[in-house]
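Both backbone and side-chain heavy atoms feed into the values below; hydrogens, waters and symmetry mates do not.
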Amino acid sequence: MALGEAFRACGNRLTGKAATLQWAVGDAALTGVCRCNNVHMCAWCGTRILAVRAANAQAMADGLAANGYGLHLGTSTLRHFSRMPFGSNRKGERFGLVSVLHDGWRGAYGSSGRPWRRLRAEFGVIGYERAYEDTWGPDTGHHLHWHTLWVTAAPLDADGQTAFRRAIATAWADGVRAAGGYEVSQTCGRPDCSCGGEGHGTDLRSLNSGEEGETARYLYKDGDKGTAKIGLELSRQDLKDGRRVGRLGPWQLGDAAAEELATSGGVPGPFTAAYRERERGIFGVRKQYRTQNLNRLVRELGIAQDERTEDEITDESGGLQPILVIPSGTWYRHIARVSGRRLDLVKVAAAHGVGGVRLLIESWGLRWGIDVFDPPTEAEPTTQAGEDDAAAAAAAAKVAALLGRPAARTFTEHVHRTRRQEVNA
């Protein structure tokens with residue numbers, strides 16, 4: 001259902017001439033396969049990367065609350081209708097909701113603009129961490145919005161919190177209007193509405209102000225009013241569903257599109273069209289952003305953060321040992337192109353180790369030592385009982401040749417290497 005080459009290659013295309021199954025007690029992973037590191041589209045890469053980012057956001061929020069800073073969780077949304085396109089931020093073709101969302105933010109809170117200078121001067125805003133999120137519904141279309149953790153030099157009282165909300169709401173409405181979007185909701189006439197009559201274009205709740213000021217850290221840690229899960233609220237869209245009936249989160253939309261294609265014989269329908277429209281439009285969108293001032297404050301306070309790159313996060317080989325080498329021919333003919341086999345390999349290895357993997361491989365009609373191999377060791381190669389020295393040496397030489405050249409870390413590197421080989425040939 002997806003059209004992007006890097007995404008389609010993730011976990012499927014090899015970066016070298018063989019895949020290696022790595023194992024430790026209760027854990028397993030496949031290495032030597034491409035990873036797309038796409039936090040917006042890929043359920044495998046996205047869940048791992050977003051888990052680390054959520055932990056970082058949570059640790060930052062804990063540390064800031066402990067040091068007496070004000071924390072305010074906000075949401076900025078657009079007025080939208082089903083007919084409105086998702087759009088694109090690509091150079092030369094900026095249009096649609098995603099373009100308005102970004103341009104509206106830049107106009108409202110750009111670091112060189114007057115609204116931003118006012119927020120810093122009047123409310124002591126130090127910085128923010130912002131996360132992108134979207135859902136889709138057949139009746140409502142694409143719903144794009146920002147979640148933002150605003151950090152102030154000190155908690156605000158009730159009056160200050162109200163003034164702060166109105167200031168950022170006004171700035172957001174002006175920014176969206178200047179970006180060509182529809183008027184943002186700033187008033188609400190519904191009785192007893194949770195917005196308090198302030199409208200639904202901007203939401204803001206204090207995590208440690210007002211009557212809870214003196215016990216902010218306690219309330220924050222034990223989860224009262226939902227504040228203990230700020231990292232999940234900011235980062236883990238993969239754990240969220242569309243809040244309203246009929247709205248789908250990204251993973252849900254992908255599942256619906258896949259089911260639609262399966263039941264229609266490959267004919268795209270509305271779910272597939274929405275999925276592919278989002279796939280193209282999401283290019284270049286930053287899932288999460290933290291201002292430089294806030295990063296500087298986190299470092300000064302000594303708040304621990306996981307600094308691994310996305311490549312390092314999605315590389316699961318750390319602490320594991322190789323137990324199986326799968327040549328490219330076997331990989332593509334018997335594993336990658338057969339639904340479920342890659343996942344079965346990892347699950348069986350984690351649960352049952354080498355013995356379980358051997359039984360699984362043989363149940364597929366593959367032969368150990370011919371179709372797949374033991375990994376080479378520094379001393380002598382591991383062989384099956386009954387193999388003679390010549391066969392063992394030949395198998396070891398074949399595996400060594402497969403693993404002799406370094407593997408590409410990403411699909412892009414793999415493509416460049418392949419093109420260089422074609423030119424040299």
Side-chain angles (χ1 to χ4, degrees), residues 1-38 41-48 238 251 254-263 265-266 275 314-376 382 384 395 398-399 401-403 407-411 414-415 418:
M1 64 187 174
L3 301 178
E5 288 190 14
F7 179 39
R8 292 167 66 91
C10 185
N12 181 54
R13 189 168 300 179
L14 298 182
T15 57
K17 293 186 177 181
T20 302
L21 182 62
Q22 307 265 1
W23 168 87
V25 177
D27 194 12
L30 282 165
T31 60
V33 295
C34 292
R35 293 300 178 201
C36 65
N37 297 338
N38 190 331
M41 302 296 298
C42 180
W44 196 96
C45 294
T47 51
R48 286 154 179 79
D238 56 306
W251 304 158
D255 290 343
E259 183 178 353
E260 180 180 67
L261 288 175
T263 56
Y275 181 88
T314 56
D315 179 7
E316 295 188 315
S317 60
L320 306 181
Q321 62 179 8
I323 61 173
L324 177 68
V325 175
I326 309 170
S328 58
T330 302
W331 173 262
Y332 288 119
R333 282 195 297 269
H334 302 288
I335 296 178
R337 294 176 183 173
V338 181
S339 178
R341 284 192 173 181
R342 289 171 294 170
L343 184 59
D344 288 343
L345 265 179
V346 174
K347 286 185 174 180
V348 169
H352 305 289
V354 180
V357 171
R358 184 183 291 271
L359 290 175
L360 180 65
I361 289 293
E362 292 174 351
S363 73
W364 294 341
L366 303 178
R367 297 162 294 177
W368 202 286
I370 298 177
D371 299 307
V372 299
F373 301 92
D374 288 309
T382 302
Q384 298 185 68
K398 186 171 184 179
V399 173
L402 292 172
L403 302 179
R409 292 186 62 85
T410 65
F411 176 72
H414 168 74
V415 171
T418 303

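In this structure A350 satisfies the side chain to side chain contact (heavy atoms under 4.5 Å, CB included) test together with A28, sequence neighbours excluded. Take T31 and apply the side-chain hydrogen bond (donor to acceptor under 3.5 Å, both in side chains) test, not counting sequence neighbours, and it matches Q22. For R333, the side chain to side chain contact (heavy atoms under 4.5 Å, CB included) test picks out no residue, with sequence neighbours left out. Remark: D371 engages R367 in a side-chain hydrogen bond (donor to acceptor under 3.5 Å, both in side chains) (not counting sequence neighbours). Applying the side-chain hydrogen bond (donor to acceptor under 3.5 Å, both in side chains) rule to E259 yields no partners; only residues at least two apart in sequence or on another chain are considered.
Residues T330 and W364 fail the side-chain proximity criterion, which asks for heavy atoms closer than 4.5 Å. By the 4.5 Å heavy-atom criterion applied to side chains, L324 and I361 are counted as neighbours. C45 places none of its side-chain heavy atoms less than 4.5 Å from the side chain of N38.
In plain terms, the two heavy atoms of W251 and C42 that are nearest each other are CH2-O, 3.5 Å.
Side-chain atoms of W23 come within 3.5 Å of backbone N or O of A349 as a donor-acceptor pair. At distances below 3.5 Å, not a single donor-acceptor pair connects side-chain atoms of Y275 with backbone N or O atoms of A256. The main-chain N or O of N12 is found under 3.5 Å from a side-chain atom of W331 such that the two form a donor-acceptor pair. Remark: side-chain polar atoms of S328 are not paired, donor with acceptor, to backbone N or O of A18 under 3.5 angstrom.
Separating the CG atom in L21 from the CD atom in Q321 is a distance of 11.0 Å, to the nearest 0.5 Å. Between R358 atom CZ and I323 atom CD1 the span is 10.5 Å, to the nearest 0.5 Å.
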In a table with atom names and distances, give each donor-acceptor pair under 3.5 Å that connects a side chain of residues 339-348 to protein atoms at least two apart or in another chain.
| residue | atom | partner | partner atom | Å |
| --- | --- | --- | --- | --- |
| R341 | NH1 | H334 | O | 2.6 |
| R342 | NH1 | G11 | O | 2.7 |

